[in-house]
Amino acid sequence: MSIHRPQSLALFDGAILSRAAGEAVLKLDPRQLIRNPVMFATALVALFATILTVKDISQPHVAVMAQISAWLWFTVLFANFAEAIAEGRGKAQAASLRGTRTGTIAHQIASIDSANSHDVPAERLRVGDLVVCEAGDTIPGDGDVVAGIATIDESAITGESAPVIRESGGDRSAVTGGTRVVSDRIVVRITADPGQSFLDRMIALVEGAKRQKTPNEIALTILLVGMSLIFLIVVATLPAFASWSGTTIPMVFLIALFVTLIPTTIGGLLSAIGIAGMDRLVTFNVIAKSGRSVEAAGDIDVLLLDKTGTITLGARQAAEFLPLSTVNERDLAEAAFLASLADETPEGKSIVALALSRFALSEPPLARMSFIPFSAHTRMSGVDIDGIEIRKGATDSITAYVANKTGRTLGGMPRDLVQSVEKVAKAGGTPLVVAREDRLLGVIHLKDIIKPGIRARFSTLRAMGIKTVMVTGDNPLTAAAIAAEAGVDDFLAEATPEKKLELIREYQKGGRLVAMCGDGSNDAPALAQADVGVAMNTGTQAAREAGNMVDLESDPTKLIEIVMIGKQLLMSRGSLTTFSIANDVAKYFAIIPALFLASYPQLQALNVMNLASPQSAILSAIIFNALIIIALIPLALKGVRYRPASAETLLKRNLLIYGLGGLIVPFAGIKLIDLAIAALGLA
Ligand SMILES: Nc1ncnc2c1ncn2[C@@H]1O[C@H](COP(=O)(O)OP(=O)(O)OP(=O)(O)O)[C@@H](O)[C@H]1O
Ligand SMILES: [K+]
Ligand SMILES: [Mg+2]
C-alpha cells in the first residue's frame, strides 16, 4: 500500500498569515473572546488601560501609558492571531478536500432494477434516493452500493491512485461522493442529505466550525482561571503595601503587572495547539471527528483490530471445494452454489462464480427457495429449497447447527472434515463448512491476503508500549495463522459483534485506553465503544458513522501516526503550560524589585536585572509578554518533537527544557527589551 500524503502546508503561508491578521481583529468580538477567559481578562484590562490613557491625556506619563495599552491589545491580538493561523491552515486543507467536488449530475432511478434514469443535480439528492453510476461518472453523494460491482478511483479524497473495488453486500459497500467510477456499473442508495455528507462534515470539522473544547482543555482552562484569580488578589494587595511604605503605584502599572503575571502564554496558545493537532492528522489522511479522540489517542495502551478488511485486504475469494471422502465434489459445489445464490457478500458471489466455473449448474425456480442471509451474529447463511435446509458458514456454527438437528454431540465431527478445516485454516484461509439438512458435505476454502508491510509496523506499535489484539469472527486456527503472520500480540477468534464490544469494555474496566480499527458493520458497536475508533474508509457506512476517526487510506497501522500525534498534542500542551507558568514566576521577580526599589533600597539585592526605571520595567515585561506568544506560535503549530521513550524520561526532559527555559528566557528577554527602550528613549 503506497502511503500518500497530501501536500503538507508550509508552516507559514503568506495568504494564510494575512487572512489570520484580519481575523485576529474580528476575534476581538467579546462573544468569541469569552471562550478564552484569560484573554478575555486581558482584553478587559487593555480596555481599562486605554480609558485611563485617554483620561490622563495631559499628564506627563501618558506616553508610557499609551504604549502599555497598545501592547496589552497586541497581547490579545497575538493570541487571536495564533488561533486564526491554526484555523486558516485547517481551512486550506479543507479547501483541498472541497476542491474534489464540482457540480455533479446524478442519474436517479426509481427502483433498483429500473432501466430508465433521469438526471438531477447532486444537491437535490436525499437519503434513500437511488442513483446509477457507470464508468466515467462521478458518484454524486455518499451511499451504499445496493447492486453491482465497480472499480472506483478514490484518489480525489485519498490521493491513492490505485482504483478500489466497491460492491453490494459485504464490508466494501460504502462509496463516497466525489469519487469516480472507473469501470462497470453500480446502483447506489444515497445515505446523506446535501451538506451532511462525509466530506462536508470532515470539512466542517477541519475548519474548526464545530470544534468544542475537550475535557482536558476545559480542565486546564479552569486551572488557568484559578491562577489568574490568585494573581488578581496579589496585585490588588500591592497598593496597600505601597501606601504603607509611603509610595503609590499608578493604576496602569498595577494592571500591566496583572497581565504579565497571569498565564497569557498558554492561555493564548491553547486553542491553536488543539486545532493544530487535528490539522496534523489530516496531513496523514486521517479525519478526527473530535479533538477529544486525538487526545485519547496519545494515551492508548491496547489496539484491537478486526481481521478481514483491516489486517487483510478483505477480498475473500472462494479458491477450492474440499468434499468429505463420502461426498463427490459436484454435490458439495452445488450445495455451496445454492446456499450462495442470494448471498450478496463478496464471499458468496465468489462461491457462485467458482461453482459455475467447475460444473454446469442450474438455478431452481425462485418460488421454491427461501434465502437466509449471512449475519455476523449467526455466522452462516443459506437457503431452504422445498423445505430442505442448505447452510454454509463458520465451522463451529455449522457443526452446532447439524448437531442440533441430529441431537448428536459435536464430538462426532468427521475426521476428514477436521483435516480439511485445519488445512485451510493453517494456510490463513477461512474455511466455510457446508451442510445439507443433517449431513456435512465439506469445506469451501476462502483465501485472503495480509496487507503488505503490516508486520514491521506492528512491532513499532509494540515498541511504543501498545498491545495489539486481533478480534475476528473467523475460527481460532485461521486467526492464529493470520495473527502469527501479521505479528499481533494476541487474538480473539469466533467473535461476534457482542464479543468484540465486551472485550473492549473489559479492557476499559481494567483502566486501559482502547483503540479499535475496523471496517465492517459487525465492528460498529466496538468502534463506538472504543476510546479511539478508527474506521477504515473502505468499510461500511455503519463503521464510518460509529468511529470517531476515519482513515482515508484504510491502513490500520496508521494508528502509529495517530498515537504519535496524540502524544505530541498532549506534550505540546504540557510543555507550553510549564513554560508559561515558569515565565510568569520569572516576570514577578523581574518587575517587583523595580517597582519598589525607590522605597526599599534593600531590594537592590533582588534587582538582578537592573532595569532602567520602573516604567521601563513594566513596559519591557508587557512587551515581552506579548512577543513571547508570537515567538511560540511555530512550536504550538508544529508541536514539540515526540520520540518513543518512557513517560518518565519525557517528563524529565520537558521539565528541564520548558521549566528551566521558562525561567531563564524572560530574564534575558526583558533585559534586552529594556535596553532597547532606553536606547530609543521610549520610557
Ligand atoms: N457469506 C457468508 N456466508 C456464510 N458464512 C460466512 C459468510 N461470510 C463469512 N462467513 C463466516 O462467518 C464468520 C464471521 O464473519 P465476519 O464477517 O463476522 O467476521 P470476519 O470477517 O471473518 O472477521 P473480522 O471480524 O475480522 O472481519 C467468518 O469467519 C466465516 O466463517
Ligand atoms: K502572562
Ligand atoms: Mg469484518
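Residues take their numbers from the sequence shown, with the count starting at 1. Just follow the structure's listing: the first ligand is 1, and inside any ligand the first atom is 1.
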How wide is the angle at the K ion (ligand 2) between O in V259 and NZ in K587, to the nearest 10°?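 Centred on the K ion (ligand 2), the O/NZ angle is 120° (to 10°).
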What's the OD1-the K ion (ligand 2)-OG1 angle here (N625, T264), rounded to 10 degrees?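 It comes to 70°.
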For a 4.5 angstrom cut-off between non-hydrogen side-chain atoms, does R379 reach D396?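 They are in contact (side-chain heavy atoms under 4.5 Å apart), so the answer is yes.
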Are I311 and V488 packed together at the side-chain level, in the sense that at least one heavy-atom pair is separated by less than 4.5 angstrom?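 When only atoms from C-beta onward are counted, V488 and I311 do touch, with a gap below 4.5 Å.
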I would like to know whether T260 and D584 meet side chain to side chain contact (heavy atoms under 4.5 Å, CB included); could you show each step before the answer? CA-CA 7 Å; T260 55; D584 294 334; over 6 Å; no
Just by distance, do the side chain of [X] and the backbone of [Y] share a donor-acceptor pair under 3.5 Å?
{"X": "S69", "Y": "A49", "result": "yes"}
{"X": "K349", "Y": "S168", "result": "yes"}
{"X": "D523", "Y": "G518", "result": "no"}

Between V259 and W71, does the side chain to side chain contact (heavy atoms under 4.5 Å, CB included) criterion hold? Intermediate values first, please. CA-CA 11 Å; V259 170; W71 282 102; over 6 Å; no
Has [X] got an N, O or S atom lying less than 3.4 Å from the K ion (ligand 2)?
{"X": "S580", "answer": "no"}
{"X": "N583", "answer": "no"}
{"X": "I262", "answer": "yes"}

With a heavy-atom distance limit of 4.0 Å, tell me whether [X] approaches ligand 1 through its side chain, its backbone, both, or neither.
{"X": "D343", "value": "side chain"}
{"X": "T345", "value": "side chain"}
{"X": "T496", "value": "neither"}
{"X": "R379", "value": "both"}
{"X": "R316", "value": "side chain"}

Suppose I only count heavy atoms of [X] and a 4.0 Å limit; which atoms of ligand 1 are within that range?
{"X": "M380", "answer": "4 (C), 5 (N)"}
{"X": "K307", "answer": "24 (P), 26 (O)"}
{"X": "D474", "answer": "22 (O), 29 (O)"}
{"X": "G393", "answer": "4 (C), 5 (N)"}
{"X": "T430", "answer": "29 (O), 30 (C), 31 (O)"}
{"X": "A376", "answer": "18 (O)"}

With side-chain hydrogen bond (donor to acceptor under 3.5 Å, both in side chains) as the criterion, how do T577 and S580 come out once you've worked through the C-alpha distance, each side chain's angles and the decisive distance to 0.1 Å? CA-CA 5 Å; T577 304; S580 179; over 6 Å; no
Determine, using heavy atoms of K500 and all atoms of ligand 1, whether some pair is separated by less than 4.0 Å.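 Yes, K500 has a heavy atom closer than 4.0 Å to ligand 1.
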Consider every N or O of [X] and every N or O of ligand 1, then say whether any pair is closer than 3.5 Å.
{"X": "S381", "value": "yes"}
{"X": "L432", "value": "no"}
{"X": "D523", "value": "no"}
{"X": "E347", "value": "no"}

In this structure, which one of [options] forms a side-chain contact (heavy atoms from CB on, under 4.5 Å) with [X]?
{"X": "I266", "options": "I273, I581, V38", "result": "I273"}
{"X": "S397", "options": "M380, H377, R391, E494", "result": "M380"}
{"X": "P431", "options": "T478, L446, I444", "result": "T478"}

Could you work out, with side-chain contact (heavy atoms from CB on, under 4.5 Å) as the rule, every residue matching S575, not counting sequence neighbours?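 S575 satisfies side-chain contact (heavy atoms from CB on, under 4.5 Å) with V640, N654, Y658 only.
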Taking the minimum heavy-atom distance to atom 18 (O) of ligand 1, which of N522, V471, T472 ranks first?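 Shortest heavy-atom distance from atom 18 (O) of ligand 1: N522.
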Taking 4.0 angstrom as the limit, do E485 and R455 come out as a salt bridge?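 Here E485 does not pair with R455 in a salt bridge, since their nearest N and O are not under 4.0 Å apart.
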Determine, for D519 against R544, whether the closest basic-nitrogen to carboxylate-oxygen distance falls under 4.0 angstrom.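 No, no charged N to carboxylate O under 4.0 Å.
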With the K ion (ligand 2) as the reference point, give the N/O/S atom of D584 that is nearest.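 In D584, the N, O or S atom with the shortest distance to the K ion (ligand 2) is OD1.
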